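Just so we're clear, the structure is a prediction, and the values are computed from it rather than from any experiment. Note on naming: letters A, B, ... go to the chains in the order of the sequence lines (proteins, then strands), and numbering restarts at 1 for each one. Quick note: numbers below take in every heavy atom, side chains included, and nothing from hydrogens, waters or symmetry partners.
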Amino acid sequence: MNFRPTIVAFLCNWCAYTGADLAGTSRLKYAPNIRIIRIMCSGRIDPTFVLKAFQQGADGVLICGCHPGDCHYQEGNYKCLRRFKLLQKYIAQMGIEKERLQLEWISASEGKQFSELVNNMTKTMLTLGPSKIKSSLEVEYIK
Amino acid sequence: MEEPRIGVYVCWCGTNIAKMVDVEAVTTEVGKLPNVVLAKNYKYMCSDPGQELIIKDIKGHNLNRVIVAACSPRIHELTFRNAVEKAGINPYLFEMANIREQDSWVHTDRTEATTKAIDLVIAAVRRVLYHEPLEKRSVSVDPATLVIGGGISGMMASLEIANAGKKVYLIEKTDHLGGHVVKFDLTFPHLSSAKQMMRPILQRVENHPNIEVFLQTEIHEVTGYVGNFKTTLRNKDNEGTELKFGNIIAAVGLKPFDPSKIEEYGYGKFPDVITSMEFEDMLGTGKILTKYGKEPRNIAIIHCVGSRNKKYHEYCSRTCCMAALKFVHQIRAALPSTNIFEIYADMRAYGKGHEEFYAMTTHKQIMFLMYDQQERLPVIRQANRSDDCNMIIEMDEKLSGLPIEVPVDMVILMVNMEAHENVKDVVHAIGVSLCGNQFFIEKHPKLDPVATTTAGVYIVGTCQGPKDIPDSVAQARAAAARILATIEGGTVPVEVTTSFVNEKLCCGCQTCISVCPYSAISFNEIKKVSEVNEVLCKGCGTCGSACPTGAIKCKHFTDLQILSEIEGIMSMSY
Ligand code: FES
């Protein structure tokens with residue numbers, strides 16, 4: 001079967017989720033393999049969320065928050081950025097390519113940017129192939 | 001906990017969802033899940049019969065959890081929360097799956113979109129299993145209101161509130177009240193005097209016992225929450241003055257576009273190329289004269305300057321067409337034999353009495369010349385000595401299809417209305433968002449155009465988008481009415497999705513205290529644990545992700561809820 005990468009995305013309610021909604025209202029089209037989870041602020045991203053998504057078989061994890069300076073809660077996105085840097089290093093040690101975890105800022109008006117982002121990330125996942133964790137999960141399923 | 005009994009409702013949204021998502025398949029698939037007592041689909045879940053359906057099922061089937069898969073929760077979460085509450089279920093035992101904005105509208109493959117919808121609903125089912133009822137909380141409302149911006153919108157809102165006997169603090173950045181309108185000569189479409197209209201309003205605002213005006217003052221930071229905001233003024237006259245208020249109205253307006261950015265028009269180079277605002281000033285002096293002190297024999301009015309053009313602003317500024325027609329009447333009255341050229345891109349006469357005003361203006365012996373905003377802008381150049389005019393406008397006249405030259409002595413540029421450079425400062429101070437055009441975003445584009453997503457903060461006038469005087473005033477008075485209603489009510493509901501510390505798990509490391517942006521967490525020295533002040537907490541959840549022991553629970557966004565959502569969200573991918 002053709003490889004269909006799965007991306008789990010965490011979007012903050014105020015900017016990114018609104019931006020993703022705008023992509024919809026503007027009827028922009030993007031790859032269907034993304035699954036969006038709404039959180040109030042990117043600062044809520046607990047490392048376990050990201051690891052859990054990989055563990056469940058996500059090929060990529062995307063975090064989107066408000067642009068620097070625009071966080072609805074002042075500075076949650078800065079905290080997210082710091083955690084993201086550490087997390088990228090951490091997953092690399094576990095054998096997950098760091099490109100599989102991405103962080104982008106999307107404002108409430110950036111529906112177009114969001115749709116492009118999803119398409120680009122999907123492309124990256126296609127070149128990387130299935131994540132190792134996912135492959136091993138699949139083996140288990142076959143057994 | 002009682003055994004979860006979940007009802008799932010999949011909305012067709014007419015054809016909006018049903019066209020791209022096989023709602024029947026989604027219903028069947030999720031109907032198989034454990035704890036899902038029933039799964040149904042219906043044309044319009046948000047309609048009255050749709051909501052009735054939920055209410056009836058909750059009672060008839062003893063449901064204690066409800067999921068609606070439909071549009072974005074940003075649109076109808078509240079609608080459905082209210083519906084389930086009517087049937088006696090705590091509104092937080094409800095969850096929405098966004099299968100329209102983030103599924104049917106953005107995908108083109110029906111199978112993929114259906115798979116995704118199933119995944120999203122399964123995730124919602126997994127999540128809702130761990131939802132907990134949350135009790136509503138409310139706080140008292142300080143009866144004072146802060147109004148930022150002393151233009152017509154800000155003043156009208158202030159008067160409305162003050163007349164009802166409530167205190168208003170009116171903050172104005174410049175040294176005078178009245179905004180742009182006070183500088184206008186006449187208003188359209190009735191050609192009545194703006195100054196005469198404004199004079200009594202200004203007097204009432206300045207002398208009103210309930211309105212305190214602060215000129216040359218800007219707002220830098222607002223703390224607190226709905227019902228109980230606070231700010232400290234920081235300018236020289238009122239340094240350190242502390243204001244307390246329950247609601248905020250932003251009426252910061254817009255500013256005229258700087259046309260020197262458009263090379264074709266030579267603004268700044270030719271002294272007799274002026275902006276509409278400068279022409280208003282000139283009208284105020286009672287004389288229309290060129291920079292050489294002569295009466296212009298040819299005047300051109302160019303529309304859409306900086307508007308409806310991707311290079312500058314894509315949006316329509318809405319008021320300039322009518323203002324341009326208004327100028328025709330004023331010029332004609334003052335200079336009966338001057339040639340007037342209306343150089344327009346499209347004539348927009350959408351408002352009450354506007355089309356009639358346009359028709360009336362066409363009888364004023366003027367020449368309408370059309371240009372194509374997307375193809376080529378008119379170009380203004382210096383006339384030769386031998387020419388009988390000051391400047392020449394070269395343009396491709398669209399209706400005739402001919403390149404023509406228009407002799408002019410004065411050009412009025414109908415400039416766009418755009419956001420102030422420092423609008424971001426206000427936005428950050430009061431916690432609202434801007435759209436791509438730097439206009440303040442309203443809570444709901446149709447059903448709630450005066451409130452914002454921040455409780456207690458309202459937006460009125462042009463800062464929400466270009467509009468004329470009646471629209472601005474309508475919005476201002478609407479916001480005032482909303483605020484008066486909350487003051488009258490005495491209390492307002494506040495965020496209940498705050499954080500909570502489980503004292504048994506807290507190790508006292510105080511990491512949460514260092515990450516909280518609202519100083520809502522403090523350390524209890526006796527118990528040696530952190531404590532959250534739920535009134536200050538806004539529920540961002542940053543503490544929850546920083547807590548090393550999992551002692552902090554972010555209500556409605558708990559680790560368990562989110563992790564189960566993740567577990568469900570890829571169900572169909574294998
Ligand atoms: S609210 Fe968007 S990142 Fe904090």
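- For B/Ile75, no part lies under 4.5 angstrom from a heavy atom of chain A.
- Side-chain contact between B/Phe80 and B/Cys46: present, with at least one pair of heavy atoms (C-beta onward) separated by less than 4.5 Å.
- In the displayed structure, B/Lys553 atom NZ is contacted under 6.0 Å by at most 12 heavy atoms of other residues, nucleotides or ligands.
- Interface residue A/Thr18: backbone and side-chain heavy atoms are both found under 4.5 Å from chain B.
- Under the 4.5 Å side-chain criterion, counting only non-hydrogen atoms from C-beta, A/Asp59 is not in contact with A/Phe54.
- Ranked by heavy-atom pairs under 4.5 Å with chain A, the first of B/His107, B/Glu112, B/Glu101 is B/His107.
- Between B/Lys555 and B/Glu534 a salt bridge is recorded (basic side-chain N to carboxylate O distance below 4.0 Å).
- If you run side-chain contact (heavy atoms from CB on, under 4.5 Å) between B/Ser499 and each of B/Cys516, B/Cys512, B/Cys537, only B/Cys537 comes through.
- Proximity to chain B (any heavy atom under 4.5 Å) is shown, for A/Arg38, by both the backbone and the side chain.
- When each of B/Ser433, B/Ala546, B/Cys547, B/Ser72 is checked for heavy-atom pairs under 4.5 Å with chain A, B/Ser72 comes out on top.
- The part of B/His428 that comes within reach of chain A is its side chain, from C-beta onward, which places non-hydrogen atoms under 4.5 angstrom from that chain.
- A/Lys52 touches chain B through backbone and side chain together, each having a heavy atom under 4.5 Å away.
- If you measure heavy-atom distances from A/Thr25 to chain B, the contacts under 4.5 Å come from both the backbone and the side chain.
- With 3.5 Å as the limit, one finds no donor-acceptor pair spanning the side chains of B/His556 and B/Gln561.
- Contact annotation for A/Leu28: only backbone heavy atoms (N, CA, C, O) come within less than 4.5 Å of a heavy atom of chain B.
- Residue A/Tyr90 places its OH atom among 12 or fewer non-hydrogen atoms of other residues, nucleotides or ligands, all under 6.0 Å distant.
- Around atom CZ of B/Phe500, no more than 12 heavy atoms belonging to other residues, nucleotides or ligands sit under 6.0 Å away.
- Residue A/Ile45 touches chain B through its backbone alone, counting heavy-atom pairs closer than 4.5 Å.
- Of the listed residues B/Asn98, B/Thr108, B/Asp109, B/Ile441, the one with more heavy-atom pairs under 4.5 angstrom with chain A than any other is B/Asn98.
- Only the side chain of B/Leu120 comes within contact range of chain A, with heavy atoms under 4.5 Å apart.
- Heavy atoms closer than 4.5 Å to chain B are found in the side chain of A/Phe10, but not in its backbone.
- Only the side chain of A/Ala108 comes within less than 4.5 Å of a heavy atom in chain B; its backbone stays farther off.
- Taking all atoms of both residues into account, the shortest heavy-atom contact from B/Tyr518 to A/Tyr73 is OH-CA, 3.0 Å.
- By a heavy-atom distance cut of under 4.5 Å, not one residue of residues 92-99 of chain A is near chain B.
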Discussion item. Quick one, B/Trp105 with B/Asn16, criterion side chain to side chain donor-acceptor pair (under 3.5 Å). Give me CA distance, side-chain angles, the key distance, then yes/no.
Written reply: CA-CA 7 Å; B/Trp105 276 352; B/Asn16 280 303; 3.2 Å; yes
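- In this structure, A/Phe114 and A/Tyr30 have perpendicular ring planes: the angle between them is above 60°, well past the 30° mark.
- Residue with the most contacts toward chain B among A/Ile39, A/Asp70, A/Val8: A/Asp70 (heavy-atom pairs, distance under 4.5 Å).
- Chosen from A/Ser109, A/Ser26, A/Gly76, the residue pairing most often with chain B at heavy-atom distances under 4.5 Å is A/Ser109.
- For the set B/Ala113, B/Ser104, B/Pro73, B/Cys543, the count of heavy-atom pairs under 4.5 angstrom toward chain A peaks at B/Pro73.
- Your options are B/Thr115, B/Val427, B/Val515, and the one with the most heavy-atom pairs under 4.5 Å with chain A is B/Val515.
- Most heavy-atom pairs under 4.5 Å with chain A, from the set B/Glu567, B/Lys538, B/Lys424: that is B/Glu567.
- Cation-pi check for B/Arg127 over B/Phe557 is met; the charged atom lies under 6.0 angstrom from the ring centroid and within 45 degrees of its normal.
- In terms of the side chain to side chain contact (heavy atoms under 4.5 Å, CB included) criterion, residue partners of B/Ala419 (sequence neighbours excluded) are, by chain and number, B/Leu254, B/Val423, B/Gln438.
- Judged by a 6.0 Å distance limit and a 45° cone about the ring axis, B/Arg81 is not positioned over the six-membered ring of B/Phe94.
- For the pair B/Glu314/B/Lys310, a side-chain contact is recorded, criterion being any heavy-atom separation below 4.5 Å from C-beta on.
- Interface remark: B/Asp559 contributes backbone and side-chain atoms alike to the contact with chain A (heavy atom separation under 4.5 Å).
- Heavy-atom distances place both the backbone and the side chain of A/Ile34 under 4.5 Å from chain B.
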